Amino acid sequence: MVKVNISGALGFLTEDEIKAIDTTKPLSDLKTLYENGWTTVPSSFNEELSSKIKNIAKKIQNESEVLVILGIGGSYLGARAAIEYIISPNYNMLPKGTPDILFAGNNVSGEYLEQVIELIGDRDFSVNVVSKSGSTIETAISLRFFKEMLEKKYGSDGLKDRLYVTSDIGSPLIKLAEAEGYAYLEMPPEVGGRYSVLTVVGLLPCAVAGINIDELMAGAKEEFETGIDDACLYAAARQVLYRKGKKIEMLACFEPAFKYTGEWWKQLFGESEGKEGIGIFPAYADYSADLHSLGQLIQEGERTLYETFVTFNTPRVNPKVPGGPLHKDKISAITGFDMHRINSSASDAVKKAHIDGGVPVLELCLPSLSASSFGALAYFFMRSCAISALISGVNPFGQPGVEAYKKNLFAILGL
């Protein structure tokens, strides 16, 4: 489903250079070492798991006007990305028959926490706490606040009915759930947090938001079965550009609904590749808005970055530019143009300008913003990220550097 177009980079690399990148060993490593992990999640998704997730989602929908997701990094970014991509970045403001979804536990700001609590107000709410280790400090702190709120509002029995735990089996959170009688969903232990969007971590919030998770996973399965060549092409092109001094990748999309997918992508690639003194720095830009802040730097700044554009063939909606006597300005000639045509023209114009200015541009093309294309793109990114990291010689599934700040924080707090 995801199609890679490297034409915008061919002035900076050659097809022979891409072919010279050996992807055979990375693919073999993924198959032999990680065949029971996230790589096979799309094919292992079944009716039993789907029904379990949908039943919990239905219960939350029936009982609550708000669902609060407590988690940081991969424990919330994928879910938020999916909801904004598939439905809207304005999901909570839209008229709908599903709960608002709020996110907390992803920072230690008291102001942010209080604002989330204010947004809940007097409404009925449920909480889904998501943590692979079960001991992430940002999430653990927020859990204490929301657990106290639930108990005050609904009592100890009501608390048990509205707190849902998602974690690794045997983690402190699962042990707490078993001891206190909370409902829980087990994360596949072999799936790392940033690779977990296609598991219960991402699928439960999606189902609560009314997203068809079967369609989402069907898109992931299609990509799993047919997308290996494009994933290898993207991974190889990235590595060739990196070896040529392009050390920053600017992922960019002309649809605001893509913003949190870009944030999820940043964690996926940054945490997977940035090790042992190497790694492509992942950045995200929301075009065309960010062209008015970053465009000058990209056009004429240091030539150390390349761009990857994500484009969609068909829009969900496609209004036309209105005209009339009040609109006699220099752009009046576009009266009647549809917005997709204008957006696509902006993408083409930026691509040409940046290539002419010395910036290679890769493109990832998808049919539309939909549940199935999100599933496909999520799997495409995870597969290509792992391949790219393995090509560079680092383990894409560890994150030893992340632990440094945690140790310092614990020491400062006297924990």
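None of the values given here were measured: they were computed from a predicted structure.
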Enquirer: Looking at every heavy atom in both Ser347 and Thr311, which two are closest together, and how far apart are they?
Expert: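 Taking Ser347 first and Thr311 second, the nearest heavy atoms are OG-CG2, 4.0 Å.
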
Enquirer: Looking at Lys221, I want to see if its NZ is surrounded by more than 12 non-hydrogen atoms of other residues, nucleotides or ligands under 6.0 Å.
Expert: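 Not more than 12 within 6.0 Å, no.
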
Enquirer: Looking at Asp348 and Lys352, does any basic side-chain N land under 4.0 Å from a carboxylate oxygen?
Expert: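 Looking at Asp348 and Lys352, the cut-off is not met.
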
Enquirer: Are Glu15 and Leu10 close enough that some pair of their side-chain heavy atoms sits under 4.5 Å apart?
Expert: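 Heavy-atom side-chain distance check passes, below 4.5 Å.
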
Enquirer: Among all residues two or more places apart in sequence or in another chain, which pass the salt bridge (charged side-chain N to carboxylate O under 4.0 Å, His left out) test with Arg123?
Expert: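 Arg123 satisfies salt bridge (charged side-chain N to carboxylate O under 4.0 Å, His left out) with Asp100 once adjacent residues are dropped.
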
Enquirer: Whether the Thr24 and Asp22 side chains hold a donor-acceptor pair (N or O, under 3.5 Å, no angle test) is what I'd like checked.
Expert: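 Checked: Thr24/Asp22 side chains pair up, N/O donor to acceptor below 3.5 Å.
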
Enquirer: For Tyr379, which of Phe224, Phe374, Tyr195 qualifies under ring pair (Phe, Tyr, Trp, His ring centres under 6.0 Å)?
Expert: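 For Tyr379, the ring pair (Phe, Tyr, Trp, His ring centres under 6.0 Å) test succeeds with only one of Phe224, Phe374, Tyr195, which is Phe224.
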
Enquirer: Below 4.5 Å, heavy atoms only, C-beta onward: do Val359 and Met250 meet side chain to side chain?
Expert: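 Val359 does not reach Met250 side chain to side chain.
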
Enquirer: Does Lys275 have more than 12 heavy atoms from other residues, nucleotides or ligands lying within 6.0 Å of its NZ?
Expert: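 More than 12 within 6.0 Å, yes.
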
Enquirer: Under the side chain to side chain contact (heavy atoms under 4.5 Å, CB included) rule, what do Ser167 and Tyr184 come out as? Steps first, then yes or no, please.
Expert: CA-CA 8 Å; Ser167 188; Tyr184 62 87; over 6 Å; no

Enquirer: The test is side chain to side chain contact (heavy atoms under 4.5 Å, CB included); show your working for Val68 and Ile120 and say whether it passes.
Expert: CA-CA 9 Å; Val68 183; Ile120 297 171; 3.7 Å; yes

Enquirer: Give me the ring orientation class for Tyr234 and Phe269: parallel if the planes are under 30° apart, tilted from 30 to 60°, perpendicular past 60°.
Expert: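 Perpendicular.
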
Enquirer: Between the side chain of Lys266 and the main-chain N/O of Leu251, is any donor-acceptor distance below 3.5 Å?
Expert: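 No; zero donor-acceptor contacts below 3.5 Å.
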
Enquirer: Any non-hydrogen side-chain atom of Lys52 less than 4.5 Å from a side-chain atom of Val200?
Expert: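 Sidechains of Val200 and Lys52: no contact.
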
Enquirer: Cation-pi check for Tyr91 against Lys96: NZ or CZ below 6.0 Å from the six-membered ring centre and within 45 degrees of the axis, yes or no?
Expert: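 Positive - Lys96 is close enough to the ring of Tyr91 and near enough to its axis.
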
Enquirer: Measure the acute angle between the ring planes of Phe254 and Phe309, then classify it against the limits of 30° and 60° as parallel, tilted or perpendicular.
Expert: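 Ring orientation, 0 to 90° scale: perpendicular.
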
Enquirer: If the threshold is 4.0 Å, N to carboxylate O, is there a salt bridge linking Glu180 and Lys147?
Expert: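 Judged by the 4.0 Å cut-off on N to carboxylate O distance, Glu180 and Lys147 do not form a salt bridge.
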
Enquirer: Apply side chain to side chain contact (heavy atoms under 4.5 Å, CB included) to the pair Trp265 and Thr308, showing each step before the final yes or no.
Expert: CA-CA 12 Å; Trp265 171 89; Thr308 298; 5.9 Å; no

Enquirer: Just wondering, do Phe380 and Leu366 contact through their side chains at under 4.5 Å, heavy atoms?
Expert: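 No, every pair of side-chain atoms sits at 4.5 Å or beyond.
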
Enquirer: Classify the angle between the aromatic ring planes of Phe397 and Trp38 as parallel (below 30°), tilted (30 to 60°) or perpendicular (above 60°).
Expert: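 Rings of Phe397 and Trp38: tilted, 30 to 60°.
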
Enquirer: For Val127 and Leu150, which heavy atoms make the closest approach, and how far apart are they?
Expert: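 In terms of heavy atoms, the two residues are closest at CG2-CD1, 3.8 Å.
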
Enquirer: Please evaluate residues Phe45 and Val41 with respect to the criterion side chain to side chain contact (heavy atoms under 4.5 Å, CB included), reporting the C-alpha separation (whole Å), side-chain torsions for both, the decisive distance (0.1 Å), and the verdict.
Expert: CA-CA 6 Å; Phe45 181 76; Val41 161; 5.7 Å; no

Enquirer: Using only atom types and a distance under 3.5 Å, with no angle test, would you say the side chain of Ser64 pairs donor to acceptor with the backbone of Leu67?
Expert: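 Such a contact is absent between Ser64 side chain and Leu67 backbone.
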
Enquirer: Establish, for the pair Lys247 and Tyr242, whether the NZ or CZ atom is under 6.0 angstrom from the six-membered ring centre and no further than 45 degrees off its axis.
Expert: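 Here Lys247 passes the 6.0 Å and 45° test against Tyr242.
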
Enquirer: Does Val201 offer a backbone N or O that forms a donor-acceptor pair with the side chain of Thr166 under 3.5 Å?
Expert: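 Side chain of Thr166 to backbone of Val201: no pair is present.
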
Enquirer: I want to check something: taking the side chain as every heavy atom from C-beta on, are Val66 and Leu119 in contact at a cut-off of under 4.5 Å?
Expert: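 Val66 vs Leu119: side chains apart.
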
Enquirer: Can you check whether Tyr260 reaches Tyr76 side chain to side chain, under 4.5 Å on heavy atoms?
Expert: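 Contact flag for Tyr260/Tyr76 side chains = yes.
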
Enquirer: Could you tell me whether a side-chain N or O of Glu65 sits under 3.5 Å from a main-chain N or O of Asp124, the two making a donor and an acceptor?
Expert: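 Checked: pair present.
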
Enquirer: If you draw a 6.0 Å radius around NZ in Lys259, do more than 12 non-hydrogen atoms from other residues or ligands fall strictly inside?
Expert: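 Not buried by this count: 12 neighbours or fewer within 6.0 Å.
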
Enquirer: When you look at Ser373 and Tyr85, which way does the side-chain hydrogen bond (donor to acceptor under 3.5 Å, both in side chains) test go after all the steps?
Expert: CA-CA 10 Å; Ser373 74; Tyr85 178 111; 2.7 Å; yes

Enquirer: Between Glu63 and Ser126, does a side-chain hydrogen bond (donor to acceptor under 3.5 Å, both in side chains) hold up when you go through it step by step?
Expert: CA-CA 8 Å; Glu63 294 179 347; Ser126 295; 5.0 Å; no

Enquirer: Does any N or O in the side chain of Ser272 come within less than 3.5 Å of the main-chain N or O of Pro396, such that one atom is a donor and the other an acceptor?
Expert: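 Yes; judged by distance alone, with no hydrogens or angles, the pair exists.
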
Enquirer: Output the distance between atom NZ (Lys58) and atom OG1 (Thr98), rounded to the nearest 0.5 Å.
Expert: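 It comes to 10.5 Å.
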
Enquirer: Between Thr226 and Met1, what is the shortest heavy-atom contact and its length?
Expert: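 Taking Thr226 first and Met1 second, the nearest heavy atoms are OG1-N, 4.4 Å.
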
Enquirer: Decide side-chain hydrogen bond (donor to acceptor under 3.5 Å, both in side chains) for Gln267 and Glu263; before the verdict, give the C-alpha distance in whole Å, the side-chain angles of both, and the deciding distance to 0.1 Å.
Expert: CA-CA 7 Å; Gln267 185 203 2; Glu263 294 300 312; over 6 Å; no

Enquirer: Carefully, step by step, assess Arg316 and Glu255 under the rule salt bridge (Lys or Arg N to Asp or Glu O under 4.0 Å).
Expert: CA-CA 11 Å; Arg316 279 195 287 243; Glu255 290 292 346; over 6 Å; no

Enquirer: So, are Arg243 and Glu17 salt-bridged, with charged N and O less than 4.0 Å apart?
Expert: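 No, this pair does not count.
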
Enquirer: If you define the side chain from C-beta out and look only at heavy atoms, does anything of Leu77 sit under 4.5 Å from Asn106?
Expert: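 No, their side chains stay 4.5 Å or more apart.
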
Enquirer: Keeping the roles fixed (side chain from Ser196, backbone from Gly193), state whether a donor-acceptor pair exists under 3.5 Å.
Expert: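 Answer holds: yes.
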
Enquirer: Side chains of Pro282 and Glu249: does their closest heavy-atom pair fall under 4.5 Å?
Expert: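 No, too far: nothing below the 4.5 Å cut-off.
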
Enquirer: Looking at Ile174, is its backbone amide N or carbonyl O close enough to the side chain of Ser171 to form a donor-acceptor pair, meaning the two atoms are under 3.5 Å apart?
Expert: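 It does hold such a pair.
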
Enquirer: Is Ser288 reaching over with its side chain to a backbone N or O of Leu291, donor-acceptor style, under 3.5 angstrom?
Expert: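 Flag not set: sc Ser288 to bb Leu291 has no pair under 3.5 Å.
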
Enquirer: Closer than 3.5 angstrom, by distance alone: can the side chain of Ser344 be matched with the main-chain N or O of Arg341 as a donor-acceptor pair?
Expert: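 Side chain of Ser344 to backbone of Arg341: no pair is present.
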
Enquirer: Considering non-hydrogen atoms only, spot the tightest contact between Val208 and Gln61 and give its length.
Expert: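 Taking every non-hydrogen atom into account, O-NE2, 3.0 Å.
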
Enquirer: For Glu225, is the CD atom crowded, meaning more than 12 foreign heavy atoms sit under 6.0 Å from it?
Expert: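 Yes, CD of Glu225 has more than 12 neighbouring heavy atoms, counting only those of other groups under 6.0 Å.
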
Enquirer: Tell me, please, which residues at least two apart from Asp290 pass side-chain hydrogen bond (donor to acceptor under 3.5 Å, both in side chains).
Expert: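 side-chain hydrogen bond (donor to acceptor under 3.5 Å, both in side chains) list for Asp290, sorted by chain: empty.
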
Enquirer: Please give me the minimum heavy-atom distance between Ala79 and Val197, naming the atom from each residue.
Expert: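 What the structure gives for the nearest pair is N-CG2, 4.4 Å.
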
Enquirer: Please report whether the ring centroid of Phe12 lies less than 6.0 Å from that of Tyr306.
Expert: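 No, the ring centres sit 6.0 Å or more apart.
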
Enquirer: Among Ser131, Ser75, Ser142, find the residue that satisfies the side chain to side chain donor-acceptor pair (under 3.5 Å) test when tested with Thr136.
Expert: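 It is Ser131; the other options fail the test.
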
Enquirer: What are the two closest heavy atoms between Gln299 and Arg303, and how far apart are they?
Expert: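 Looks like O-NH1, 3.4 Å.
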
Enquirer: Keeping Arg383 on the side-chain end and Glu223 on the backbone end, is there a donor-acceptor pair under 3.5 Å?
Expert: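 Checking the backbone N and O of Glu223 against the side chain of Arg383, a donor-acceptor pair under 3.5 Å is found.
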
Enquirer: To the nearest 0.5 Å, how far apart are CE in Met149 and CG in Leu159?
Expert: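 With rounding to 0.5 Å, CE (Met149) is 12.0 Å from CG (Leu159).
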
Enquirer: Show your working on side-chain hydrogen bond (donor to acceptor under 3.5 Å, both in side chains) between Ser392 and Gln239 and close with a plain yes or no.
Expert: CA-CA 7 Å; Ser392 70; Gln239 288 299 320; 4.5 Å; no

